[in-house]
Amino acid sequence: MENISEEKVRAYWESSKVFQANPSEKEKVFITAAFPYPNSPQHIGHARTYTITDIYARYNRLIGKNVLFPMGFHVTGTPIIAMAKRIEEGDEDLLKIFEEIYGIPKEKAKSLTNPKDLVLYFSKEIEEGMKLLGLSIDWRRKFYTFDPHFNKFIEWQFLKLKEAGFIEKGEHPIPWSVKLNSPIGAHDTKGDVDPEIEEITGIKFEFGDSYLVAATYRPETIFGVTNLWINEEEQYVKVRIKGENYIFSKKAYEKLSHQLEGEILESFGGSYLLNKKAKHPLSKKEIPILPASFVKGGEGTGIVMSVPGHAPYDYVALRDLGKLEELKPLKIISSSLSVEEVVEKLGIKEQTSPKLEEATKLIYKEEAHKGKMLIESYKGMLVKEAKEKVKEDLIKEGKAIRIWVIANSPVYTRAGDEVVVKLVKDQWFINYGNPSWKARVREHFEKMKIIPPSLKKQFLETVEWLERKACTRSSGLGTRFPFDKSKMIEALSDSTIYMAFYTISHKIKEFSPKELDEAFFDYLFLGKGTPKNALHKSLREEFLYWYPLDSRHSGADLVRNHLTFFVFNHIAIFPKELWPKQIVVNGFVLMEGKKMSKSLGNILPLKEAIKKYGADAIRISVAGTSDLLQDSDFYRSVAEGVKQRLSFFKNLPKSHPKLENSEKEKIDLWLESKLNRKIKGVFKKYEEFQLREIILELFYEMYEEIKWYLQRVKTPKLREFLKKWSLALSPFIPYTAEAIWFELEGKGIEGEKLSWEEEKINLDREKAEEVIKAILLDVENIRKLANKKGEKLTICLALDWKFDFLSLLSKEKNMEKIQQKIKEGEKHLIGEKLKLLSKLRKELHKIESPPSKEILKEHLEDAKEFLEKQLQLKVEIVEEETLTHPKAKQSLPTKPALILE
RNA sequence: GCAGGGGUCGCCCAGUGGUCAACGGCGCUGGCCUUAGGAGCCAGUCCCUUAGUGGGUUCGUGGGUUCGAAUCCCACCCCCUGCACCA
């Protein structure tokens, strides 16, 4: 006989519309997972967040809630365009990956040169994969972030942000390629290096009608400047920028010109500057311009300020010139390390010495950590604070400028030119730095349920750390920025409140995009004004039914950006009662212990995995085998094991026909107790996302227990067990659960509520069974050690008082009180009890109450036949007092003495 | 550098004051099953001891708190992640 296939179960879900959620009388739960970005097919790694979300959705249905779990596609930004472009260029590596790993025919892949075609193709792929995986999604609500209706919604979002004063315009430095005339990310560079931008300070030293701009990482050392350094071999230029003349090295300015636009007035060799004087911006003292070989024309500004008191390079260079007497090093920072000593100790002879690097590090580390300023207006301030303060003060007074450099330079683009920093004007920002906004967000985070809870700290940190975030880009898919239509809204900014859109996305298409103006959404989401018509009103009602969002799910990589923005934006736009309630974060999926990557070729496509192991096995493998935040490791052998166990459970109705009406045995009571107790505990585990625990207890352990049960029982009665068990695990294994229910009941699990029967939980029964298991093991041990098989086993049940006494010890841990109780008891037992107490003293804290003697006895008698069969022995169960064998005295309630003869 | 997380029995990984010599998986050893292999099942896997319920030494290193610590505190060493305008 064939099992009910996944396909049939899926067809049932489809036709019964069980996942299409509509407002009702029932209590609602609204759940979303971060929507996928369809620029390539999905692999098992993608399955984790969605499976976890689905488990939660299905769990909530199982406890009678009306659950909405929708899905859409995020297509905003440049990666899709970049992918289409790579295809258009005929990127062989890419086409090979598509063909060999994902099985996409080359011809098909090659045709995806239009971003929209690409999106449609991959989103269809992904949707199919999600359906195969058994995700209980309401697909009627699907949308793409380039849909005109969605665009209108995002425009409205930005109108609201602007209204609240959170949208700002300003300048912003970005990595830039002159040759490509575009911003540069890691994927545009040779070797995929991420160009890092770093701010340095350019300090202005008066020089005739111009300023020599010295670049420094340590503006606080301005007070110790004795001279300037240049490289006499280099060319220098005088540039007019915003009405002032600046001097840089020529090579440096070539790079800086993209952030400091100006007109080159003249050009001259370094020797022109040599030995002339410049004015210190603070003291106005004249300081000489001297040559140093360590000054590189292409770095910084090509001009360096000399602080011999705190910089080994400067000290040694001055010494080389014999000018240490004339230009005495100034001590402006207190520190236990002095430059002289370090240079001396390392034996540095001249400015070309490679050891200078080390010396600089030593000095810098010491001063940055422990150093304090000695200079009047900053006296006593820690260096790391003074650094910022001095910089800001200098800039404010017009004595310095901000300069950005590529910190890990040189970085080269794929086109071959060096990445420079460009200052983008007209850059728009969302100002997450706004203090009152932050305060409200902080407050809400404190109240929100964050799972796992340990992440709350990280969220709060992120809130503190966020400043303004650039929200527009010059190109990409998505929504045009309403206040400057030449720009596109960037991808992390248009995905912050889209969950609200799901609540009405299936109905809003009835309106034309033109109708979706500010007033439309103001009414829909904020209840302002009046509805346009009945449909409009019903949208509002549906929105209010589902909102607020009850649970937001995503991978751990989105904590510091998306998830935090998501909360920020909700707080900015919606009233308090509609703010999100819970965030659930999960780790990634590794493949056989390694990160999945194209270069390793260890990517397992989702569809292939499902085909091979079945959806339920994949669901357990990605969601139930590791802790939530931990990266879960996908092992084929584990998936294989899960698959086999699942089919064992699934086949039980056939291998052990329904004999539920035959008389109950003691072991049946044991199984009932186990099952009901586990189900009782599972609710909390679902709520807290202790998914690994659930799988451990209800899947792996249950499997062992059923195996044991089948050994123990005479006629297996599994019908009720299977129904309950599959229901409890149905969030993980919906296909198996439905199949079992169809098999047993001729119907699906829809509408069934998970419950347990408290009266069936019987710990005594479970403990008694543990004794049986222990006896088997002990006999085996004894046989091994004694090296004899034996013919007869005598199990001797402990004396009554021992049961009572252990029961007392399980409750009373105070020695004095125990002793008192002993003395109050029967006189002739005092000695024995004290003896036993001293023996058990060490493990007193872990003594549990024993099962009742009646149940234990009954259970042992019941298992006698089983024991005899298993051990091939004659078994006798007797009371301790009937024996004279010395071993008999050792009997304890849960450890009956065993005598093997 | 700043921030967050982490170092556990060959490996991966649970465990936040006593039920911990420490879950689970992998690996390894022995047994069952099988024509055989694989899979599956059972048992073992820190050391010593013992016809089973006994003892010793462990949880990055070194100190401390406690009747009691993998778990709390202090110091140190090492590792991972993020530092944005990118999805």
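The aromatic ring centroids of A:Phe429 and A:His172 lie less than 6.0 Å from each other. Side-chain rings of A:Phe732 and A:Phe699 stay apart, their centers remaining 6.0 Å or farther from each other.
The same atom, C1', is picked in B:C20 and in B:A75; the two are 27 Å apart, to the nearest Å. Taking atom P on both nucleotides, B:C2 is separated from B:C11 by 32 Å, rounded to a whole Å. Comparing B:C78 with B:U61, their P atoms are spaced 15 Å from each other, to the whole Å. The gap from the C1' atom of B:U45 to that of B:C9 amounts to 10 Å, rounded to the nearest Å.
Residue contacts shown for A:Glu704 are limited to sugar-phosphate atoms, with no base heavy atom under 4.0 Å away. Residue-level contact check: A:His172 touches the bases, meaning some heavy atom is under 4.0 Å from a base atom. A:Arg692 comes within 4.0 angstrom of a nucleotide base, judged by non-hydrogen atoms across all strands. Counting any heavy atom pair closer than 4.0 Å across all strands shown, A:Thr472 reaches no nucleic acid atom.
Along RNA chain B, the nucleotide nearest to A:Pro175 and the one nearest to A:Gln630 differ in position, and the one closer to the 5' end is contacted by A:Gln630.
Across all strands shown, the partner of B:U81 is B:A3, judged by Watson-Crick or G-U wobble contacts whose two distances both fall under 3.5 Å. Remark: B:G17 base-pairs with no nucleotide; criterion is Watson-Crick or G-U wobble with both hydrogen-bond distances under 3.5 Å. With both pairing distances under 3.5 Å, B:C59 is matched to nothing as a Watson-Crick or G-U wobble pair.
The residues A:Glu388 and A:Lys391 are annotated as salt-bridged, a charged nitrogen and a carboxylate oxygen being separated by less than 4.0 angstrom.
Judged purely by distance below 3.5 Å, without hydrogens or angles, the side chains of A:Thr479 and A:Asp494 never pair a donor atom with an acceptor atom.
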